[in-house]
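Shown next, in structure tokens, is the structure this report addresses.
Throughout, protein chains are lettered first and strands after them, A, B, ... in sequence-line order, and every chain is numbered starting at 1.
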Amino acid sequence: MTDAAFDRRLRDWLDGRDPGPVPATLRESAERVSLQTPVPGVSRIWQAIVGPGAAVRPGSPARLVLALVLLALLVAAVVTLITVGSRPAPLTAWHDYVAGQPAPDLDFGSVAGTLPRGDSTISVDDLPGALVVLYFPGGATAERTAADARVLIQASEHAPNATAFLVIAPDSAPIAPDTVSLIHDAGMLTAATPAGWDADPSTGRPALVITGRGGVVEYVFASELPDADQLVGDLDRASLP
Amino acid sequence: MTEQIERAAAADARDAAFDGLVAAELDGAYRLAGVILGDRWQAEDATHDAVVQAWLRFGSLRERDRFAAWFGRILVNICRDRLREKARRPIAVRAVADAPTDDRTTAVEDRLLLDDAFAALSPDHRVALVLRYYADLPVEAIAELVGVPAGTVKSRIHVAVERMRDALGADEGGSR
């Protein structure tokens with residue numbers, strides 16, 4: 001292969017990775033940034049004092065003193081926040097599942113006939129001592145959801161004992177009936193997201209959460225989910241005491 | 001009151017200027033992030049993060065006509081951080097998993113070989129390769145964008161290209 005031929009092939013391959021024009025959702029969210037993202041007051045004050053590009057300009061002693069005072073106030077605020085603590089935000093999305101933290105006590109609505117004992121809702125707390133795999137398709141395409149479901153089904157065949165798989169779809173984007181059938185046939189549960197649940201408005205990307213037997217979140221994946229072998233490996237690790 | 005009105009007008013003008021500058025760069029930024037990260041979801045996230053970071057630091061940008069390069073630097077840094085973060089995860093996922101599938105110009109097997117070779121490169125090498133062969137930037141521009149000397153960029157590009165070429169077995173039975 002000549003240099004020119006390789007060069008062409010490399011460029012073609014890179015062009016093939018090009019995702020195409022920017023999606024409308026991203027354009028809209030980018031347009032909202034300047035409206036919805038407040039510039040921190042400290043930053044505004046800092047810029048008002050030292051001016052733009054101050055890092056390459058010598059500042060006056062008075063400005064330096066003011067900057068140091070601001071820095072001290074900022075440090076004091078951070079220390080106060082750490083000492084006093086802060087209230088947890090309301091549970092609104094899969095982002096609330098944080099590795100190393102207990103799973104949020106959140107009830108997902110059942111889809112008729114899919115939950116044991118006819119419960120109307122289900123949460124991680126309802127499955128004591130179990131490994132729980134929560135899959136959120138979000139706004140993924142039907143094909144992507146079906147592919148992810150197949151990975152879960154494949155993994156479920158080799159998962160440790162007492163592993164529960166829960167597929168949670170928003171009412172606004174229900175899972176295709178044939179995929180739901182596959183999920184149920186494999187002994188996995190489906191549920192609906194609760195009212196007020198925000199399916200990641202910026203991307204609607206899928207996510208996967210694994211909680212250990214003690215109800216603590218072990219792994220959180222977004223967008224790129226593990227394949228079946230990797231998922232089984234994760235479950236094995238999560239099942240260890 | 002007049003001062004307040006002037007301040008509000010200045011803030012509106014700044015917001016409008018930012019929105020206009022971002023709108024002009026958004027498409028290219030998203031595509032570049034997509035090529036570097038190989039995942040359109042991650043590309044969306046990275047681009048959005050870059051817009052937010054740019055907005056938060058916009059007041060420190062003295063020369064608005066340098067916005068494109070400045071924004072590009074923010075985006076590339078975010079992409080590089082994401083690649084590094086991915087490398088630290090306990091589970092590695094093939095970059096091809098969510099890659100666009102409309103590449104009809106190369107054989108599937110070759111594409112997979114290139115995917116694997118690219119995934120094996122370090123984040124710095126990946127970024128350098130994409131900026132040179134996808135974005136078509138000269139070495140000096142890449143050096144400015146990633147904040148390293150031009151010699152380092154040349155070395156990274158050379159190493160990356162050689163590894164990609166090796167992946168295709170380009171040295172076997174062919175002239176160079």
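More than 12 heavy atoms of other residues, nucleotides or ligands sit less than 6.0 Å from atom CG of Asp136(B). Residue-environment remark: CZ (Arg66(B)) stays at or below the threshold of 12 foreign heavy atoms within 6.0 Å.
To the nearest 0.5 Å, the span separating CD on Glu224(A) from CG on Asp39(B) amounts to 4.5 Å. If you take OH on Tyr133(B) and CG on Asp12(A), they are separated by 13.5 Å, rounding to the nearest 0.5 Å.
Val22(A) and Asp27(B) get closest at one heavy-atom pair: N-OD1, 2.8 Å. Between Arg132(B) and Arg11(A) the shortest heavy-atom distance is O-NH1, 4.3 Å. When all heavy atoms of Trp13(A) and Met164(B) are compared, the closest pair comes out as CZ3-CE, 3.5 Å. In this structure, Arg40(B) and Pro19(A) approach most closely via the heavy-atom pair CB-CB, 4.2 Å. Nearest heavy atom pair, residue Ser29(A) against residue His48(B), reads OG-CD2, 3.2 Å. Taking all atoms of both residues into account, the shortest heavy-atom contact from Leu14(A) to Leu129(B) is CD1-O, 4.3 Å.
With a 4.5 Å cut-off on non-hydrogen atoms, Phe18(B) touches chain A through its side chain but not through its backbone. Only the backbone of Ile36(B) comes within less than 4.5 Å of a heavy atom of chain A; no side-chain atom from C-beta onward does. Asp19(B) touches chain A through its side chain: at least one heavy atom from C-beta onward sits under 4.5 Å away, while N, CA, C and O do not. Both the backbone and the side chain of Arg27(A) come within contact range of chain B, each with at least one heavy atom under 4.5 Å from a heavy atom of that chain.
Salt bridge Asp3(A)/Arg165(B): present, at least one basic N to carboxylate O contact under 4.0 Å.
Contacts with chain B were tallied for Ala147(A), Gly233(A), Pro23(A); Pro23(A) has the most, counting heavy-atom pairs under 4.5 Å.
With a 4.5 Å cut-off on side-chain heavy atoms, Arg17(A) and Phe118(B) count as touching. Between Leu26(A) and Thr47(B) the shortest side-chain heavy-atom distance falls below 4.5 Å.
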